[in-house]
Amino acid sequence: MSFGAAAAVPQTYNPNKDYEVPSPPDDTVSSIKFSPRSNMFVAASWDSKVRLWDVQVPSLQTAPKMLFQHERPVLCTAWTSDGARVVSGGCDNIAKMWDISTGQGTQIAAHQAPIKEIAFLDGFNLVVTGSWDKTLKYWDARSPNPVGTVTLPERVYAMDAAAPLLVVGTAERHILVYDLKNPTVAYKTTQSPLKYQTRTIAAFPDLTGFAVGSIEGRCAIHFIEDRDAQK
């Protein structure tokens, strides 16, 4: 589905003269992800849609390209490593994979509650989903059933993958670290050093640890191995 038809745009407060995206979402934006292979990006929204734009360089003007539809608010998105497809999940309890050349979507995952986080696992050809049903599931897009399921101590609130490292943050400040070579068994479990609910997690590029942020407005750095924390 395409989008981008001319519409009345309300005046916005823009003191820094940022470049505004045409045809923006109609509700809160929950996820923004750039393609690993091009200047395109997607934004997921509580209006139940995923929108795709192309950024023109060097003008930084954006052109609407496609619109993908869920039945309920969309909470998460990710790109496949080749930049050819987008995966998304949300409050309709399913995840879909979208081909950006055709706009066609296919359901690839399902949970018993909203899917809060999703990631494509480079090198494994799998998609991982984390849900408020307190499970983590691994999916091969060619099969309707998960190839692996992990029961978690609480609802998934944050997740980041930098294969073979996967870090998951749940309610009650639990943090679970997985080595994707053994993806259904936690390599390490810990608790966030921050006082309140985990909001976001980002794995280090060198895979030695991760940063965690919470709703209290603070960030903490955590190394997976104690020896790395001493460097």
Side-chain angles (χ1 to χ4, degrees), residues 13 25 27-34 41-48 50 70 72-78 87-93 95 109 111-121 127-138 149-180 183-231:
Y13 181 64
D27 206 332
T28 302
V29 174
S30 52
S31 171
I32 297 177
K33 295 291 175 63
F34 264 93
F41 73 95
V42 291
S45 171
W46 279 73
D47 65 6
S48 306
V50 179
H70 276 254
R72 293 186 178 178
V74 188
L75 302 179
C76 53
T77 56
V87 289
S88 57
C91 294
D92 50 8
N93 302 352
H111 281 262
Q112 297 301 310
I115 296 174
K116 177 60 175 67
E117 297 290 343
I118 193 167
F120 181 77
L121 302 178
V127 173
V128 58
T129 52
S131 171
W132 290 344
D133 66 5
K134 304 182 184 180
T135 66
L136 191 69
K137 295 184 179 183
Y138 299 92
T149 300
V150 181
T151 300
L152 301 171
E154 259 293 351
R155 294 154 291 166
V156 173
Y157 281 171
M159 183 176 77
D160 194 27
L165 173 65
L166 177 70
V167 187
V168 181
T170 76
E172 303 299 332
R173 299 168 42 240
H174 298 289
I175 296 177
L176 302 96
V177 177
Y178 293 88
D179 180 344
L180 293 172
T184 58
V185 178
Y187 177 73
K188 280 196 173 181
T189 60
T190 186
Q191 205 166 41
S192 170
L194 304 177
K195 293 173 60 177
Y196 298 108
Q197 176 184 310
T198 299
R199 179 67 181 85
T200 187
I201 283 176
F204 294 173
D206 65 3
L207 311 182
T208 60
F210 55 90
V212 55
S214 77
I215 61 171
E216 70 210 66
R218 299 173 63 219
C219 177
I221 300 298
H222 187 92
F223 288 93
I224 297 170
E225 306 293 351
D226 292 340
R227 64 177 181 271
D228 292 316
Q230 307 304 319
K231 293 180 180 178

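By convention here, the first residue in the shown sequence is residue 1. Please read these numbers as outputs of a predicted model, since none were measured by experiment.
In this structure, the side chain of Trp46 does not engage the main chain of Val29 through any donor-acceptor pair within 3.5 Å. Side-chain atoms of Tyr157 do not come within 3.5 Å of backbone N or O of Gln197 as any donor-acceptor pair. No donor-acceptor pair under 3.5 Å is formed between the side chain of Arg72 and the backbone N or O of Gly90. Judged by distance alone, with hydrogens and angles left aside, the side-chain atoms of Ser131 form a donor-acceptor pair with the main-chain N or O of Ala113 at under 3.5 Å. In this structure a side-chain-to-backbone donor-acceptor pair under 3.5 Å is present from Asp160 to Ala203. The closest donor-acceptor contact from the side chain of Thr208 to the backbone of Phe223 lies at 3.5 Å or more, if one exists at all. Judged purely by atom type and a 3.5 angstrom limit, Arg199 has no side-chain atom pairing as donor or acceptor with the backbone of Gly213. With hydrogens and angles ignored, the 3.5 Å screen pairs no side-chain donor or acceptor of Lys137 with any backbone N or O of His111.
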Give the intermediate values and the outcome of side-chain contact (heavy atoms from CB on, under 4.5 Å) for residues Val150 and Leu176.
CA-CA 11 Å; Val150 181; Leu176 302 96; over 6 Å; no
Dump the intermediate steps for side-chain contact (heavy atoms from CB on, under 4.5 Å) on Lys134 and Glu154, then the final yes or no.
CA-CA 5 Å; Lys134 304 182 184 180; Glu154 259 293 351; 3.7 Å; yes
Might you work through the side-chain contact (heavy atoms from CB on, under 4.5 Å) test for His222 and Val212, ending with a clear yes or no?
CA-CA 8 Å; His222 187 92; Val212 55; 5.6 Å; no
Given the rule in the side-chain contact (heavy atoms from CB on, under 4.5 Å) test, do Val167 and Ile175 qualify, once you have shown the distances and angles that lead to the verdict?
CA-CA 7 Å; Val167 187; Ile175 296 177; 3.9 Å; yes
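Across Ile32, Val74, Val87, Val50, a single residue satisfies side-chain contact (heavy atoms from CB on, under 4.5 Å) together with Val42, and that is Val50.
With rounding to the nearest 0.5 Å, the separation of CG in Leu194 from CD1 in Ile215 is 10.5 Å. With rounding to the nearest 0.5 Å, the separation of CD1 in Ile118 from CE in Met159 is 7.5 Å. Taking CG of Asn93 as the reference point, atom CH2 of Trp132 lies at 10.0 Å (rounded to 0.5 Å). Atom OH in Tyr138 sits 5.0 Å away from atom CG in Leu166 (nearest 0.5 Å). Rounding to the nearest 0.5 Å places NZ of Lys195 at 10.0 Å from CZ of Arg173. To the nearest 0.5 Å, atoms CD1 (Ile201) and OG (Ser214) are separated by 11.0 Å.
Residues Gly209 and Leu165 approach most closely at O-CD2, 4.1 Å, considering heavy atoms. For the pair Ile224 and Lys188, the tightest heavy-atom approach, listed with the atom from each and the gap, is O-NZ, 2.5 Å. Annotation for Ala163 and Leu207: closest pair O-CD1, 4.2 Å, computed over non-hydrogen atoms. A pairwise comparison of heavy atoms in Thr28 and Ser45 identifies O-OG, 3.1 Å as the closest pair. Residues Pro193 and Ala220 come closest through the heavy atom pair CG-CB, 3.5 Å. Shortest non-hydrogen contact noted between Thr184 and Tyr178 is C-CE2, 4.4 Å.
Between the side chains of Thr149 and Thr135, no donor-acceptor pair of N or O atoms lies under 3.5 Å. Using modelled atom types, one finds a donor on one side chain and an acceptor on the other under 3.5 Å when comparing His70 with Ser88.
By the 6.0 Å contact criterion, CZ on Phe34 is enclosed, its count of non-hydrogen atoms from other residues, nucleotides or ligands being greater than 12. Counted within 6.0 Å of CD on Gln112, heavy atoms from surrounding residues, nucleotides or ligands total 12 or fewer; the atom is thus considered open.
Remark: Asp92 pairs with no residue by the salt bridge (charged side-chain N to carboxylate O under 4.0 Å, His left out) rule, at least two apart or across chains.
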